S.K.: 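Got a structure for you, written out below as structure tokens; questions coming shortly.
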Amino acid sequence: MSPSHENTCRVRPGGEGIRLLPGNRFFYLNGFFSVIILLFILLPLLRMVTQPSLTDLLATIRDPEVLASLWLSIYTAGAAAFLSLLFGTPLAYLLARHEFIGKKLVESIIDLPIMIPHPVVGIALLSLAGRNHWLGKVMASLGVTIMGSVTGIIAVMTFVGLPFYINSAKAGFEGVPVRFERVARSLGAGPASAFFRVTVPLSWRHLLCGVILCAARAVSEFGAVVIVAYHPMIAPVLMFERFTAYGLKYSQPVAVWLILACLGLFLLMRLVARPMRRVP
Amino acid sequence: MSPSHENTCRVRPGGEGIRLLPGNRFFYLNGFFSVIILLFILLPLLRMVTQPSLTDLLATIRDPEVLASLWLSIYTAGAAAFLSLLFGTPLAYLLARHEFIGKKLVESIIDLPIMIPHPVVGIALLSLAGRNHWLGKVMASLGVTIMGSVTGIIAVMTFVGLPFYINSAKAGFEGVPVRFERVARSLGAGPASAFFRVTVPLSWRHLLCGVILCAARAVSEFGAVVIVAYHPMIAPVLMFERFTAYGLKYSQPVAVWLILACLGLFLLMRLVARPMRRVP
Amino acid sequence: MIAVENLSVVWPEFQLREISLHIERGEFFALLGPTGAGKTVVLESIAGLVRPTSGSIRVAGRDVTRLAPELRNIGIVYQDYALFPHLTVLENIRFGLRYVPPTDRPAPSWLDGLIDLLDLQRILHRLPLNLSGGEKQRASLARALAVQPTVLLLDEPLAALDPRFRDEIRHTLKQLHEQFDITLLMVTHDFDEARYLAGRIGVLCNGRLEQVGPAAEVFQRPATPFVAGFVGMKNIFPGRRCDDRLEFAGLSCPLPGEVVGNPDHVALRPEDIVLRHQASFAAPMVTCHGTIERIVPAGFWHECTVRCDAARFSAVLSRRAMVEGGFQEGDMVFLGFEPAALHAF
Amino acid sequence: MIAVENLSVVWPEFQLREISLHIERGEFFALLGPTGAGKTVVLESIAGLVRPTSGSIRVAGRDVTRLAPELRNIGIVYQDYALFPHLTVLENIRFGLRYVPPTDRPAPSWLDGLIDLLDLQRILHRLPLNLSGGEKQRASLARALAVQPTVLLLDEPLAALDPRFRDEIRHTLKQLHEQFDITLLMVTHDFDEARYLAGRIGVLCNGRLEQVGPAAEVFQRPATPFVAGFVGMKNIFPGRRCDDRLEFAGLSCPLPGEVVGNPDHVALRPEDIVLRHQASFAAPMVTCHGTIERIVPAGFWHECTVRCDAARFSAVLSRRAMVEGGFQEGDMVFLGFEPAALHAF
């Protein structure tokens, strides 16, 4: 998503530095409000992470059901991110490079999945795949099912994660001056060659960021997935089940592991991305 | 959210225009993939919206349970957006104006709610409000409950919506040159006066965008709310209930009304925002 | 080598109208004009990066109007260098080689010669990020020339450079042109630059080609008031011919030799005007009387605005002339110039 | 009026070291220096927008070093005008008035006088967006002066303007200073601008004040090689005094009158050098012999680089001198200058 994408990908404008001039009650007032907000975000998470005992945590991670759901979450989110990369990149590139009538509309369409209430997403995908729609019939005859299948989970996750990848990739492509591609073409490179030899190497950070954000959004989805596929269980669904069946105390360890899995995954990707030569 | 915020708030760089030069098979290939992606987003939604009959839709909207849930959704999302505006603005302003050690960390903390799986958010907030935590005790003695209350719903919605408001507001404040505030202060205005007379009028579009995005995210939340408060029922929860109890066909009309309510709300806000004098 | 016929590019906010240009093999041609005149659009049309609305472009005898840019074999160098930041200088230079068919590949000595002439030996393995402007522009020239383009287009190649590098690159361009026998089309807004480098000059204004000709001719005999102003004739007056005299700004003077037909403008360079406190001008000089309205010091000279009854003249005086004359704002002065310095058109 | 004592601002990437400045009531002082020298930091320290690391600032006898900017009553005008884009020109001008205590409020005639002098009548109710650069800068001056600041700080007020507006605003500044008796501190990188407007000049380089003095003195007797280069003495050589002669660049010449002590640099303006093909210089002239390495035409003059055995001289010739002398690159020439033109320091 662009918020965190802005934090991670874009070079910030030159710092002004904290220069506290006299007469800055306003500054301290702002600081006070800011601390409240940060505590509001941090305290619940810290509390939740520190509440379960280590024994509980260890017992939970040995639970094959938990492990399976974590693995399924990661696997489907990865697939969704890959699909977004594959299908979203061309659209992001077109939007970054061309002006056309209806461009605003296309951009709004891309942002739709962000705005739509999550269960509605699930219901919408199921509506399409229903047997009384021609597409549903085609899919059924190919043996593809959405309801209660891994395919369905991936479809939902792709749906909700796409805007995050496309917007990040678009910002990345917009950051590469058209001039570079023009020079490449004047040197004999075709459009595809210019794209892969110049544009992609200069925007890979944004692309990677987009993939990470897309995967993050996909892994965190619950409302749409629970409609489309309660089983096989992804981790948030499992957590929800434990919460409703056994209460808060039994769902907390799963939540902790899910958070750790997400954080670990993103740290790993960050590290993989770091040592690449020549940061633009 | 920044994606749509980028589409709506920021002036785009000068258009390059579609200049189709010869030899652009690459362009058509991109266009093909782009159309697939747009259909993937649009078809399910269109299908869902067109499937219920008008009679069903009218019957649904006369159902007092549906009306109550829609109203609750809108009301709580509005409250969450208002709280974000109140508490998020100071933090956004600090981040836009000052560099300090740990700034990246603070920015990551703000983005945490985007990354965290939705049910985990609910579980985390409940962890804090539990009776065995001092804060939980304080809240209980004040008669504030999170579990199953409107307060809880608003808390959850604020939690998930905050990053969207803060990131948009921060971008807005960053877009106002510090120089303007400096000139204001050299003319005798104190820091607060400079903020309200110069910075806010020059960034109100971003602030409004942030509020809209925050409300959109809040209204669409399901996973976290369903943990904290199944009752009173917000619209997505009601839809989920109808889906599990009666199936797809009975949940679709509610989904359509929910989407229409969201879209109507945002259009209204846009219109309210439009006629203001002097667009910066 | 390049033949542009009736090239038009019409965009909502900009129009380039019916440009025709012919550039010979081995020529150094400069297209001159103020910002926004459409110079870069002409270059990019030739390179195939802009789709012309109408007109045709032939390069080396081949009609390239509808050809993709990668098939035209035309090099382009931008003022911001546009070096690929993720590649070293050498990788930048070799970027285009893989698209050249093996049979046409330039001999290794070609690359070596380029690297030598452009003095890139020391920086071949550095990334562009930390190079100086001059080094970047030299690398960018090498990259464009490595694939042996039929024509090299230069888009304000000196504009973004520090003055010290500007001299260096200007010199390099001259050397390149002399030693490698390449055809060069340069776009610039700086008349001195064009005059120093180019054999012929075209002046573009508002998407129209106002004058084309050898550099000296454009300088001495501008064809339109716009070109006259552009080449430094700050004093431009409406005027007319009466038999063998020229009348303008309330003055009447003998015709300068070159005038043919009926000109309607008279132009005069500010440095051709002499100011004196007494009316002590010798015979052929034309004089008039006026008041110094403003004196603005600028570098080595002072710019004086003198108001005579009918017109306002701009004169440039060296610092020495200023000190010796003791001119002040508000002084009454006599203003003189030789009729030969007038240009009528 | 302004007394800055030992002002230092130390940032990781920049240092301003021990600046001391004294500016009198009603003075027009210019702080001159290249980009990045720290000129704006000095201004912003005085205005209270930058926190000094050490040193003190007194304005009108009051120590303001730790005072909030809104309490200092110091106006500031930036090169980018910084007009509030959401307010009309009049609202911009009246912005600061509500913070002035009712007893101190300027008479309405003050505002009217400003609006008249700055010719803002016609644009009072327009938004800044569509104003020309000159109009914007005039509005920005009016806004700063509306609250009757004790001092007005100008940050490169002419730098962002088109040449035609630059003359106009320069004139306006001079008028403002003459008619309103305000104290002005201007920062600029343009020596001619400073010389035209300011009474005294301070030259800043790399965060250090190199020289302070009347404009003419800085121009004629720069104190350091940096200042010499900045005021246009392109030829700077290490040199030394031997009894009553000055030795530099392999030459020995009589001392120019002003020299005291033991200078170690000798500087010469390029326009004080004369080139000839014959060694026909009259008695006091110092001459040497060399080769023209490069001729670069630039506007009204040509810049020639002449290599004599020990040194490289830069000379500026008018176009006329160039044509009459018929100089070419590679020519052997005699170079001469009057010893009085030398400046030793």
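Because the structure is predicted, anything quoted here is derived from the model rather than measured. Protein chains get the first letters and strands the later ones, always in sequence-line order, with residue 1 at the start of each.
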S.K.: Under 4.5 Å heavy-atom distance to chain A, tell me which part of Ile41(B) shows up: side chain, backbone, both or neither.
M.R.: both

S.K.: Heavy-atom distances under 4.5 Å only: say whether Phe243(A) touches chain B with side chain, backbone, both or neither.
M.R.: side chain

S.K.: Does Phe33(A) form a side-chain contact (heavy atoms from CB on, under 4.5 Å) with Leu91(B)? I'd like the steps, not just the answer.
M.R.: CA-CA 7 Å; Phe33(A) 273 75; Leu91(B) 181 53; over 6 Å; no

S.K.: Is chain B contacted by the side chain of Ile36(A), its backbone, both, or neither, given a heavy-atom distance below 4.5 Å?
M.R.: side chain

S.K.: I'd like to know which of Gly223(A), Ser73(A), Pro117(A), Gly122(A) tops the heavy-atom pair count under 4.5 Å against chain B.
M.R.: Pro117(A)

S.K.: Side chain, backbone, both or neither: which part of Leu258(A) has a non-hydrogen atom closer than 4.5 Å to chain B?
M.R.: side chain

S.K.: Can you give me the closest heavy-atom contact between Gly88(B) and Ile37(A), atom names plus distance?
M.R.: N-CG1, 4.3 Å

S.K.: Among Leu125(A), Val226(A), Leu248(A), who wins on heavy-atom pairs under 4.5 Å with chain B?
M.R.: Leu248(A)

S.K.: Step by step, would you call Leu38(A) with Ile110(B) a side-chain contact (heavy atoms from CB on, under 4.5 Å)?
M.R.: CA-CA 7 Å; Leu38(A) 289 176; Ile110(B) 293 170; 4.2 Å; yes

S.K.: Suppose we screen for side chain to side chain contact (heavy atoms under 4.5 Å, CB included). Which residues come up paired with Glu181(A), at least two apart in sequence or across chains?
M.R.: Tyr93(A), Arg97(A), Thr199(A)

S.K.: Below 4.5 Å from any heavy atom of chain B, which atoms of Ile116(A) appear? Answer side chain, backbone, both or neither.
M.R.: both

S.K.: If you count every heavy atom of other residues, nucleotides or ligands that lies below 6.0 Å from Ile101(A) atom CD1, does the total exceed 12?
M.R.: no

S.K.: Heavy-atom distances under 4.5 Å only: say whether Leu83(B) touches chain A with side chain, backbone, both or neither.
M.R.: neither

S.K.: By a 4.5 Å heavy-atom criterion (distance strictly below it), what part of Leu43(A) contacts chain B: side chain, backbone, both, or neither?
M.R.: both

S.K.: To the nearest 0.5 Å, what is the distance between CD on Glu221(B) and CZ on Phe222(A)?
M.R.: 9.5 Å

S.K.: Which bit of Phe32(A) is near chain B, if near means a heavy-atom gap under 4.5 Å: side chain, backbone, both or neither?
M.R.: neither

S.K.: Could you look at Leu29(A) and say if it's the side chain, the backbone, both or neither that has a heavy atom under 4.5 Å from chain B?
M.R.: neither

S.K.: How many angstroms lie between atom CG of Leu42(A) and atom CD1 of Ile109(B), to the nearest 0.5 angstrom?
M.R.: 4.0 Å

S.K.: Considering all heavy atoms of both residues, which atom of Ala124(B) and which atom of Pro44(A) are nearest to each other, and what is their separation?
M.R.: O-CB, 3.5 Å

S.K.: Output the distance between atom CZ (Phe87(A)) and atom OG (Ser34(B)), rounded to the nearest 0.5 Å.
M.R.: 11.0 Å

S.K.: On a heavy-atom basis, which atom in Val120(A) and which in Met239(B) lie closest, and how many Å separate them?
M.R.: CG2-CE, 3.3 Å

S.K.: Sort Thr89(B) into side chain, backbone, both or neither according to what part of it lies under 4.5 angstrom from a heavy atom of chain A.
M.R.: neither

S.K.: Roughly how far, to the nearest 0.5 Å, is the OH atom of Tyr250(B) from the CD1 atom of Ile123(A)?
M.R.: 14.0 Å

S.K.: Taking all non-hydrogen atoms of both residues into account, name the closest pair between Ala192(A) and Phe26(B) and its distance.
M.R.: CB-CD1, 3.4 Å

S.K.: Of the listed residues (Met48(A), Lys249(A), His118(A)), which shares the most heavy-atom pairs with chain B below a 4.5 Å separation?
M.R.: His118(A)

S.K.: Could you have a look at Gly190(B), Pro236(B), Ala155(B), Pro119(B) and say which one has the most heavy-atom pairs with chain A under 4.5 angstrom?
M.R.: Pro119(B)

S.K.: As an exercise, state the distance from OH of Tyr230(B) to OG1 of Thr244(A), rounded to the nearest 0.5 Å.
M.R.: 10.0 Å

S.K.: Holding to side chain to side chain donor-acceptor pair (under 3.5 Å), I want the full list of residues that pass it with Ser127(B), two or more places apart in sequence or in another chain.
M.R.: Gln252(A)

S.K.: Measuring from Ile227(B):CD1 to Ser251(A):OG, what's the distance to the nearest 0.5 Å?
M.R.: 6.5 Å

